[in-house]
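First comes the structure, then the notes that go with it.
All values below come from the heavy atoms of this structure, side chains included, with hydrogens, waters and symmetry mates left out. Residue numbering restarts at 1 for every chain, and letters A, B, ... go by the order of the sequence lines.
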Amino acid sequence: MEQPNLNYIKELAAGDEGFERKLIEVVQKELPVEIEEYLANLNNAAYLLAAENVHKLKHKLGILGLEKGYAIAIEYETQLREGNADLKNTFQSILNACTNFISGL
Amino acid sequence: MNCIIVDDEAAARMIVSHLCSQVDNLTVIEEFSNALQAMKFLNKNDVDLIFLDIHMPDFTGFDFIETLKNPPKIVLTTSNKNFAIEAFEYDCIVDYLVKPISLPRFLKAAQKVESFQISSAQPNVATSASRSEESTEKEMYINIDRRLIKIEFDKIYLIEAKGDYILVKTEDKNYTVHSTLKKIEEKLPDSLFLKVHRSYIINIKKIIDIEDNSVLIARDVIPISRSNRPELMKRLNLL
(Lines give C-alpha, C1' and ligand atoms only; values in the text may rest on other atoms or scores of the structure.)
Protein backbone atom coordinates (compact mmCIF):
# COMPACT_ATOMS: atom_id res chain seq x y z
CA MET A 1 0.00 0.00 0.00
CA GLU A 2 1.14 3.51 -0.82
CA GLN A 3 2.56 5.26 2.22
CA PRO A 4 2.26 8.92 3.20
CA ASN A 5 5.49 10.87 2.84
CA LEU A 6 6.94 14.36 3.05
CA ASN A 7 8.13 14.56 -0.56
CA TYR A 8 5.72 17.32 -1.57
CA ILE A 9 6.24 19.32 1.61
CA LYS A 10 10.03 19.08 1.34
CA GLU A 11 10.00 20.01 -2.34
CA LEU A 12 7.82 23.00 -1.58
CA ALA A 13 9.90 24.06 1.41
CA ALA A 14 13.16 23.76 -0.56
CA GLY A 15 15.19 23.68 2.63
CA ASP A 16 13.08 26.19 4.53
CA GLU A 17 12.75 24.14 7.71
CA GLY A 18 10.58 26.74 9.43
CA PHE A 19 7.99 26.56 6.69
CA GLU A 20 8.19 22.77 6.60
CA ARG A 21 7.56 22.53 10.35
CA LYS A 22 4.69 25.03 10.28
CA LEU A 23 2.96 23.31 7.38
CA ILE A 24 3.22 19.94 9.13
CA GLU A 25 1.74 21.52 12.25
CA VAL A 26 -1.18 22.92 10.27
CA VAL A 27 -1.82 19.51 8.68
CA GLN A 28 -1.59 17.87 12.11
CA LYS A 29 -4.18 20.32 13.36
CA GLU A 30 -6.58 20.33 10.40
CA LEU A 31 -6.57 16.69 9.33
CA PRO A 32 -8.13 15.13 12.48
CA VAL A 33 -10.88 17.76 12.48
CA GLU A 34 -11.66 17.10 8.81
CA ILE A 35 -11.67 13.33 9.38
CA GLU A 36 -13.98 13.67 12.37
CA GLU A 37 -16.41 15.77 10.38
CA TYR A 38 -16.30 13.35 7.48
CA LEU A 39 -17.01 10.34 9.74
CA ALA A 40 -19.90 12.11 11.43
CA ASN A 41 -21.50 12.87 8.07
CA LEU A 42 -20.83 9.36 6.79
CA ASN A 43 -22.36 7.80 9.89
CA ASN A 44 -25.44 9.96 9.45
CA ALA A 45 -25.64 8.86 5.81
CA ALA A 46 -25.25 12.52 4.85
CA TYR A 47 -23.37 11.50 1.73
CA LEU A 48 -23.37 14.87 0.02
CA LEU A 49 -21.79 16.48 3.06
CA ALA A 50 -19.38 13.58 3.33
CA ALA A 51 -18.44 14.16 -0.32
CA GLU A 52 -17.60 17.77 0.56
CA ASN A 53 -15.38 16.49 3.37
CA VAL A 54 -13.65 14.03 1.06
CA HIS A 55 -13.06 16.89 -1.36
CA LYS A 56 -11.19 18.75 1.37
CA LEU A 57 -9.38 15.65 2.59
CA LYS A 58 -8.20 15.01 -0.95
CA HIS A 59 -5.90 18.01 -0.73
CA LYS A 60 -4.38 16.68 2.49
CA LEU A 61 -3.70 13.35 0.78
CA GLY A 62 -1.93 15.27 -1.98
CA ILE A 63 0.12 17.21 0.56
CA LEU A 64 1.13 13.90 2.13
CA GLY A 65 2.33 12.62 -1.23
CA LEU A 66 -0.44 10.07 -1.79
CA GLU A 67 -0.98 10.05 -5.52
CA LYS A 68 -3.01 6.84 -5.62
CA GLY A 69 -4.86 7.90 -2.49
CA TYR A 70 -5.72 11.18 -4.21
CA ALA A 71 -7.12 9.29 -7.21
CA ILE A 72 -9.18 7.05 -4.91
CA ALA A 73 -10.52 10.13 -3.11
CA ILE A 74 -11.68 11.57 -6.44
CA GLU A 75 -13.55 8.37 -7.22
CA TYR A 76 -14.98 8.13 -3.71
CA GLU A 77 -16.15 11.73 -3.77
CA THR A 78 -18.03 11.02 -7.01
CA GLN A 79 -19.53 7.86 -5.51
CA LEU A 80 -20.71 9.72 -2.43
CA ARG A 81 -22.39 12.37 -4.55
CA GLU A 82 -24.33 9.52 -6.14
CA GLY A 83 -25.29 8.15 -2.72
CA ASN A 84 -22.85 5.27 -2.80
CA ALA A 85 -20.18 4.63 -0.12
CA ASP A 86 -18.60 1.47 -1.53
CA LEU A 87 -15.09 2.85 -1.18
CA LYS A 88 -15.45 3.84 2.45
CA ASN A 89 -13.23 1.04 3.81
CA THR A 90 -10.50 1.68 1.25
CA PHE A 91 -10.66 5.38 2.01
CA GLN A 92 -10.64 4.74 5.74
CA SER A 93 -7.42 2.75 5.48
CA ILE A 94 -5.83 5.69 3.62
CA LEU A 95 -7.02 8.07 6.35
CA ASN A 96 -5.65 5.72 9.03
CA ALA A 97 -2.27 5.66 7.32
CA CYS A 98 -2.26 9.48 7.21
CA THR A 99 -3.25 9.76 10.87
CA ASN A 100 -0.51 7.37 11.95
CA PHE A 101 2.02 9.15 9.80
CA ILE A 102 1.32 12.68 11.01
CA SER A 103 1.11 11.66 14.65
CA GLY A 104 4.59 10.19 14.32
CA LEU A 105 6.14 13.38 12.96
CA MET B 1 1.54 43.49 -7.51
CA ASN B 2 -0.49 42.86 -4.38
CA CYS B 3 -2.74 39.89 -3.83
CA ILE B 4 -5.06 38.25 -1.35
CA ILE B 5 -5.70 34.57 -0.69
CA VAL B 6 -9.20 33.24 -0.09
CA ASP B 7 -9.41 29.63 1.06
CA ASP B 8 -11.15 27.99 4.00
CA GLU B 9 -8.26 25.56 4.45
CA ALA B 10 -5.34 26.90 6.50
CA ALA B 11 -2.84 24.52 4.88
CA ALA B 12 -3.89 25.71 1.42
CA ARG B 13 -3.51 29.38 2.40
CA MET B 14 -0.11 28.67 3.86
CA ILE B 15 1.06 26.89 0.70
CA VAL B 16 -0.14 29.66 -1.63
CA SER B 17 1.38 32.31 0.60
CA HIS B 18 4.70 30.45 0.57
CA LEU B 19 4.56 30.10 -3.22
CA CYS B 20 3.84 33.82 -3.56
CA SER B 21 6.97 34.54 -1.55
CA GLN B 22 8.96 32.81 -4.30
CA VAL B 23 7.79 35.35 -6.88
CA ASP B 24 9.36 38.79 -7.17
CA ASN B 25 6.92 41.66 -7.08
CA LEU B 26 4.06 39.59 -5.65
CA THR B 27 2.98 40.51 -2.15
CA VAL B 28 0.27 38.85 -0.11
CA ILE B 29 -1.48 41.65 1.74
CA GLU B 30 -4.21 39.58 3.38
CA GLU B 31 -5.55 36.05 3.76
CA PHE B 32 -9.18 35.08 4.31
CA SER B 33 -10.79 31.84 5.40
CA ASN B 34 -14.14 32.78 3.90
CA ALA B 35 -15.51 34.75 0.99
CA LEU B 36 -17.56 37.16 3.09
CA GLN B 37 -14.50 38.55 4.88
CA ALA B 38 -12.76 38.93 1.55
CA MET B 39 -15.73 40.82 0.09
CA LYS B 40 -15.68 43.28 2.98
CA PHE B 41 -11.97 43.83 2.46
CA LEU B 42 -12.37 44.34 -1.27
CA ASN B 43 -15.03 46.99 -0.69
CA LYS B 44 -12.39 49.16 0.93
CA ASN B 45 -9.15 48.05 -0.68
CA ASP B 46 -7.76 47.61 -4.18
CA VAL B 47 -5.98 44.41 -5.02
CA ASP B 48 -4.35 43.30 -8.24
CA LEU B 49 -4.89 39.60 -7.86
CA ILE B 50 -6.91 37.07 -5.88
CA PHE B 51 -5.97 33.44 -5.30
CA LEU B 52 -9.41 31.99 -4.85
CA ASP B 53 -10.55 28.56 -3.75
CA ILE B 54 -13.66 27.46 -5.62
CA HIS B 55 -14.87 24.97 -3.07
CA MET B 56 -15.79 26.81 0.08
CA PRO B 57 -18.72 26.17 2.42
CA ASP B 58 -21.79 28.38 1.93
CA PHE B 59 -20.28 30.56 -0.78
CA THR B 60 -18.37 29.11 -3.74
CA GLY B 61 -15.56 30.89 -5.52
CA PHE B 62 -17.84 31.45 -8.52
CA ASP B 63 -20.54 32.98 -6.29
CA PHE B 64 -17.85 35.24 -4.90
CA ILE B 65 -16.73 36.39 -8.36
CA GLU B 66 -20.33 37.19 -9.30
CA THR B 67 -20.54 39.65 -6.41
CA LEU B 68 -17.52 41.67 -7.57
CA LYS B 69 -18.34 44.71 -9.68
CA ASN B 70 -14.84 45.18 -11.04
CA PRO B 71 -13.06 41.94 -10.28
CA PRO B 72 -9.28 42.00 -10.30
CA LYS B 73 -7.34 39.19 -11.93
CA ILE B 74 -8.16 35.87 -10.31
CA VAL B 75 -6.25 32.61 -10.12
CA LEU B 76 -8.49 29.77 -9.02
CA THR B 77 -7.18 27.10 -6.71
CA THR B 78 -9.10 23.88 -6.44
CA SER B 79 -8.90 20.15 -5.94
CA ASN B 80 -11.38 19.60 -8.74
CA LYS B 81 -10.28 19.65 -12.37
CA ASN B 82 -13.87 19.65 -13.59
CA PHE B 83 -14.40 23.34 -13.02
CA ALA B 84 -11.83 24.35 -15.64
CA ILE B 85 -14.32 24.97 -18.44
CA GLU B 86 -16.60 27.05 -16.24
CA ALA B 87 -13.58 28.97 -14.98
CA PHE B 88 -12.60 30.29 -18.37
CA GLU B 89 -16.04 31.74 -18.96
CA TYR B 90 -14.91 34.58 -16.70
CA ASP B 91 -12.64 37.20 -18.25
CA CYS B 92 -11.03 37.94 -14.91
CA ILE B 93 -9.83 34.36 -14.37
CA VAL B 94 -6.26 34.11 -15.52
CA ASP B 95 -5.39 30.59 -14.47
CA TYR B 96 -6.60 27.50 -12.71
CA LEU B 97 -4.35 25.67 -10.27
CA VAL B 98 -5.12 22.15 -9.11
CA LYS B 99 -4.09 21.36 -5.53
CA PRO B 100 -1.60 20.37 -4.32
CA ILE B 101 0.15 23.13 -6.25
CA SER B 102 3.75 22.68 -7.31
CA LEU B 103 6.23 25.55 -7.51
CA PRO B 104 6.84 25.23 -11.30
CA ARG B 105 3.10 25.31 -12.01
CA PHE B 106 2.65 28.25 -9.69
CA LEU B 107 5.44 30.19 -11.39
CA LYS B 108 3.76 29.58 -14.72
CA ALA B 109 0.53 31.04 -13.34
CA ALA B 110 2.43 34.07 -12.03
CA GLN B 111 3.88 34.65 -15.50
CA LYS B 112 0.41 34.47 -17.00
CA VAL B 113 -0.86 37.01 -14.52
CA GLU B 114 1.97 39.34 -15.41
CA SER B 115 1.29 39.07 -19.13
CA PHE B 116 -2.42 39.70 -18.51
CA GLN B 117 -1.54 42.77 -16.48
CA ILE B 118 0.47 44.13 -19.39
CA SER B 119 -2.14 43.37 -22.02
CA SER B 120 -5.03 44.76 -20.03
CA ALA B 121 -3.02 47.86 -19.21
CA GLN B 122 -2.81 48.78 -22.90
CA PRO B 123 -6.51 49.43 -23.47
CA ASN B 124 -6.63 51.16 -20.10
CA VAL B 125 -4.17 53.71 -21.42
CA ALA B 126 -6.77 54.62 -24.00
CA THR B 127 -9.41 54.88 -21.31
CA SER B 128 -7.34 57.00 -18.98
CA ALA B 129 -6.41 59.31 -21.83
CA SER B 130 -10.10 60.15 -21.74
CA ARG B 131 -12.47 59.49 -24.54
CA SER B 132 -12.64 63.14 -25.39
CA GLU B 133 -8.93 63.20 -26.20
CA GLU B 134 -7.55 61.23 -29.08
CA SER B 135 -5.97 57.97 -27.97
CA THR B 136 -2.66 56.94 -29.43
CA GLU B 137 -3.56 53.26 -29.17
CA LYS B 138 -4.06 51.58 -32.50
CA GLU B 139 -5.05 48.15 -31.30
CA MET B 140 -6.41 46.14 -28.44
CA TYR B 141 -5.99 42.59 -27.21
CA ILE B 142 -8.82 40.19 -26.68
CA ASN B 143 -8.78 36.95 -24.75
CA ILE B 144 -9.85 33.99 -26.89
CA ASP B 145 -9.39 30.50 -25.49
CA ARG B 146 -6.60 31.70 -23.20
CA ARG B 147 -4.78 33.38 -26.10
CA LEU B 148 -4.40 37.12 -26.34
CA ILE B 149 -5.16 38.15 -29.89
CA LYS B 150 -4.27 41.57 -31.25
CA ILE B 151 -6.97 43.39 -33.17
CA GLU B 152 -6.24 46.65 -34.93
CA PHE B 153 -9.02 49.18 -34.40
CA ASP B 154 -9.17 50.23 -38.04
CA LYS B 155 -9.84 46.64 -39.09
CA ILE B 156 -12.96 46.32 -36.96
CA TYR B 157 -16.25 46.77 -38.83
CA LEU B 158 -18.62 46.45 -35.94
CA ILE B 159 -19.24 44.88 -32.56
CA GLU B 160 -22.50 43.18 -31.76
CA ALA B 161 -23.82 42.25 -28.30
CA LYS B 162 -24.86 38.63 -28.04
CA GLY B 163 -26.04 37.84 -24.52
CA ASP B 164 -23.02 37.45 -22.29
CA TYR B 165 -20.74 37.70 -25.32
CA ILE B 166 -19.82 40.20 -27.97
CA LEU B 167 -19.13 39.44 -31.60
CA VAL B 168 -16.25 41.49 -33.00
CA LYS B 169 -16.36 41.55 -36.81
CA THR B 170 -13.13 42.51 -38.52
CA GLU B 171 -11.80 42.60 -42.07
CA ASP B 172 -10.01 39.32 -41.44
CA LYS B 173 -12.12 37.35 -39.02
CA ASN B 174 -14.95 37.41 -36.52
CA TYR B 175 -14.29 36.87 -32.81
CA THR B 176 -16.70 35.91 -30.08
CA VAL B 177 -15.51 37.26 -26.74
CA HIS B 178 -16.94 36.92 -23.26
CA SER B 179 -17.48 40.60 -22.53
CA THR B 180 -20.04 43.36 -22.75
CA LEU B 181 -20.63 46.13 -25.25
CA LYS B 182 -20.15 48.68 -22.48
CA LYS B 183 -16.77 47.24 -21.55
CA ILE B 184 -15.39 47.23 -25.07
CA GLU B 185 -16.86 50.68 -25.79
CA GLU B 186 -14.56 52.09 -23.11
CA LYS B 187 -11.55 50.67 -24.92
CA LEU B 188 -12.40 51.91 -28.39
CA PRO B 189 -11.27 55.29 -29.76
CA ASP B 190 -14.06 57.85 -30.07
CA SER B 191 -12.79 59.01 -33.42
CA LEU B 192 -13.62 55.67 -35.06
CA PHE B 193 -16.45 54.11 -33.16
CA LEU B 194 -20.00 54.97 -32.27
CA LYS B 195 -22.76 53.07 -30.55
CA VAL B 196 -25.72 53.28 -32.90
CA HIS B 197 -28.00 50.82 -31.17
CA ARG B 198 -28.08 49.13 -27.77
CA SER B 199 -26.67 46.01 -29.42
CA TYR B 200 -24.26 47.55 -31.92
CA ILE B 201 -21.12 49.65 -32.03
CA ILE B 202 -19.92 50.48 -35.52
CA ASN B 203 -16.72 51.78 -37.06
CA ILE B 204 -17.97 54.94 -38.73
CA LYS B 205 -15.13 54.85 -41.27
CA LYS B 206 -16.54 51.55 -42.57
CA ILE B 207 -20.02 52.86 -43.35
CA ILE B 208 -21.06 52.22 -46.94
CA ASP B 209 -24.42 53.95 -46.79
CA ILE B 210 -27.16 55.04 -44.44
CA GLU B 211 -30.80 54.64 -45.21
CA ASP B 212 -33.55 55.73 -42.86
CA ASN B 213 -32.87 53.97 -39.60
CA SER B 214 -30.20 51.53 -40.75
CA VAL B 215 -26.60 51.63 -41.78
CA LEU B 216 -24.78 49.32 -44.20
CA ILE B 217 -21.36 48.15 -43.02
CA ALA B 218 -19.60 45.54 -45.15
CA ARG B 219 -22.51 43.14 -45.73
CA ASP B 220 -24.35 43.90 -42.52
CA VAL B 221 -27.37 46.12 -42.21
CA ILE B 222 -27.29 47.55 -38.70
CA PRO B 223 -30.26 49.28 -37.06
CA ILE B 224 -29.81 52.83 -35.79
CA SER B 225 -31.83 53.68 -32.73
CA ARG B 226 -33.72 56.98 -32.75
CA SER B 227 -31.73 58.32 -29.81
CA ASN B 228 -28.35 57.54 -31.42
CA ARG B 229 -29.14 58.86 -34.89
CA PRO B 230 -28.42 62.58 -34.16
CA GLU B 231 -24.93 61.76 -32.87
CA LEU B 232 -24.23 59.64 -35.93
CA MET B 233 -25.35 62.42 -38.26
CA LYS B 234 -23.17 64.90 -36.40
CA ARG B 235 -20.14 62.69 -36.91
CA LEU B 236 -20.60 62.38 -40.67
CA ASN B 237 -18.91 64.72 -43.09
CA LEU B 238 -22.14 65.74 -44.78
CA LEU B 239 -22.13 67.77 -47.98
* Contact class of A/K22 relative to chain B, heavy atoms under 4.5 angstrom -> both
* To do: Can you tell which part of A/E25 gets under 4.5 Å to a heavy atom of chain B, answering side chain, backbone, both or neither?
  => neither
Sort by residue number and list every residue of [range] having at least one heavy atom under 4.5 Å from chain B.
range	value
residues 85-105 of chain A	none
residues 58-75 of chain A	A/K58, A/H59, A/K60, A/G62, A/I63, A/Y70
residues 1-11 of chain A	A/Y8

Are more than 12 heavy atoms, taken from residues, nucleotides or ligands other than [X], located less than 6.0 Å from that residue's [atom1] atom?
X	atom1	answer
B/D46	CG	no
A/R21	CZ	yes
A/N43	CG	yes

* Residues of residues 12-33 of chain B with any heavy atom under 4.5 Å of a heavy atom in chain A -> B/A12, B/M14, B/I15, B/H18, B/L19
* Asked: Could you state the interatomic distance from NE2 (B/H55) to CD (A/E52), rounded to the nearest 0.5 Å?
  -> 3.5 Å
* Roughly how far, to the nearest 0.5 Å, is OG of B/S79 from CD of A/E77? -> 8.5 Å
* Side-chain donor or acceptor of A/E30 paired with backbone N/O of B/E9 under 3.5 Å -> no
* Taking all atoms of both residues into account, what is the closest heavy-atom pair of A/V26 and B/A11, and its distance? -> CG1-N, 3.4 Å
